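Owing to the predicted nature of the structure, the values given are computational and were not obtained by experimental measurement. Naming convention: chains lettered A, B, ... in sequence-line order (proteins, then strands); numbering from 1 in each chain.
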2 protein chains.
Amino acid sequence: MATADWALYTRRALERSGHRSSAPRAAVVDTLAELGCSVTAREIANRVEQRGRAVGLASVYRTLELLEQMGLVQRVDLGEGVARFEPAHGSGEHHHHLVCDSCGNVTAFEDADLERAIERLSGRVDFAIDAHDVTLRGECPACHATTSPS
Amino acid sequence: MATADWALYTRRALERSGHRSSAPRAAVVDTLAELGCSVTAREIANRVEQRGRAVGLASVYRTLELLEQMGLVQRVDLGEGVARFEPAHGSGEHHHHLVCDSCGNVTAFEDADLERAIERLSGRVDFAIDAHDVTLRGECPACHATTSPS
DNA sequence: CTGAGTGCAAACAGTTTGCATTACT
DNA sequence: AGTAATGCAAACTGTTTGCACTCAG
């Protein structure tokens, strides 16, 4: 399964580039793999602690920063004033996020049509585009049900 | 011209909804209209000060928050860790942003194709979408020239 | 044994809030 | 006169940094 692959690959990549394999760092990698899509640094620290081990928040941030520079982690900003992070799966996989305005719930989606539109657009603008974010906001099914009970 | 229209309309809207017309608030409105697209609270405060008058940063934030709630101002988060704001022009006008990774320069763009793709997509997901942000990142022409001098 | 990596606490930056003061209406 | 709105400074939040300590290589 992809999440275990990523954790493994990431640990290898760290080794390969001469980084020491420390317990805290491994815990962050494993936990990010476990939690998956768009998690905050604090969520990672909390989860690690739940599992008995413990990591300083600073180390979580330092690890995430390192991994981001290595292209193994993607930083995501959904406009909540908190940075979110997720495993970066190679070049292929590519998703964006739906955010529920009521409960803050975050879900991922992918859409080839959208990607195509953005790609075309990228060729048309005068910037040299190399990344893009799309965030859709609204109400998730659960909140929608309670808000407008038909 | 649109910027003056917006300032006028906004001041009217404030009056109409029973808000006092104070000098600081008017200054914020005028300055946001003048600066236009995606400015920070501090930029507004600075600009107001340059023009002789002065506003506390807190008042700038309070005004922007009020205007946002009234739908007259749009809050924009480009993932820099600073909130940006811009005049919200009615329902029609709709743009997104290009951010230069090197110099931080922000430019606006609109693209009907992209909007259409998002609209179609919105119908397909299980959230009730009512807003969306798109941010394209890359190198602006100026930075691109200095980075890769052909 | 050496220094990369850690944890803590202090420093920071942006934003929000409490409160006494100001100034529209 | 009454009270919405202001300005300042303190409080808060998320993130970064300095520094002494630890542990992997």
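- What separates NE2 of B:His19 from P of D:dT6 is a distance of 11 Å, to the nearest Å.
- For the OP1/OP2 pair of C:dG5 and a distance below 4.0 Å, the side-chain nitrogens and oxygens of A:Ser22 include no atom meeting the criterion.
- Taking the side chain of A:Arg75 as heavy atoms from C-beta on, and the options D:dT16, D:dA5, C:dG7, the nearest nucleotide is D:dT16.
- Rounded to whole Å, atom C1' of D:dC19 lies 10 Å from atom CZ of A:Arg62.
- Put simply, CG on A:Asn46 is 14 Å from C1' on D:dG14, counting in whole angstrom units.
- Between the P atom of D:dT13 and the CD atom of A:Glu43 lies a distance of 16 Å, rounded to the nearest Å.
- Place B:Glu15 and B:Gly81 on DNA chain C by their nearest nucleotides, and B:Gly81 ends up nearer the 5' end.
- In this structure, A:Ser59 does not reach the C:dG5 phosphate: none of its side-chain N or O atoms is under 4.0 Å from OP1 or OP2.
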Let me see the working for B:Arg84 and B:His97 under side-chain contact (heavy atoms from CB on, under 4.5 Å), right down to the final yes or no.
CA-CA 11 Å; B:Arg84 293 182 170 274; B:His97 301 91; over 6 Å; no

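- When B:Arg47, B:Gln50, B:Arg51 are each tested for a side chain to side chain donor-acceptor pair (under 3.5 Å) with B:Thr31, only one passes: B:Arg51.
- Using a 4.0 Å heavy-atom distance criterion, B:Ala23 is classed as making no nucleic acid contact.
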Given salt bridge (Lys or Arg N to Asp or Glu O under 4.0 Å), test A:Arg124 with B:Asp111 step by step and report yes or no.
CA-CA 10 Å; A:Arg124 229 175 299 137; B:Asp111 187 71; 2.6 Å; yes

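- Listed nucleotides: D:dA5, C:dT6, D:dT15. Nearest to the side chain of A:Val82: D:dT15.
- Among the protein residues, A:Ala41 comes within range of no part of the nucleic acid, since none of its heavy atoms lies under 4.0 Å from any strand.
- Put simply, CG on A:Asp77 is 9 Å from P on D:dT15, counting in whole angstrom units.
- Along DNA chain C, the nucleotide nearest B:Tyr61 and the nucleotide nearest A:Ser21 are compared for position; the residue whose nucleotide lies closer to the 5' end is A:Ser21.
- The distance between atom CD of A:Glu65 and atom C1' of D:dT16, rounded to the nearest whole Å, is 9 Å.
- Two rings, from B:His94 and B:His132, have their centers less than 6.0 Å apart.
- For B:Phe109, the CZ atom counts as densely surrounded, since its 6.0 Å shell holds more than 12 non-hydrogen atoms of other residues, nucleotides or ligands.
- In this structure, CZ of A:Arg84 is placed 10 Å from P of D:dT15, rounded to the nearest angstrom.
- Candidate nucleotides C:dG3, D:dG14, C:dG14 were compared by shortest atom distance to the side chain of A:Arg20, and C:dG3 ranks first.
- Whole-Å rounding puts the B:Leu57 CG to C:dA13 C1' distance at 12 Å.
- Of the listed nucleotides (C:dC8, C:dT6, D:dG7), D:dG7 has the atom at the smallest distance from the side chain of B:Pro24.
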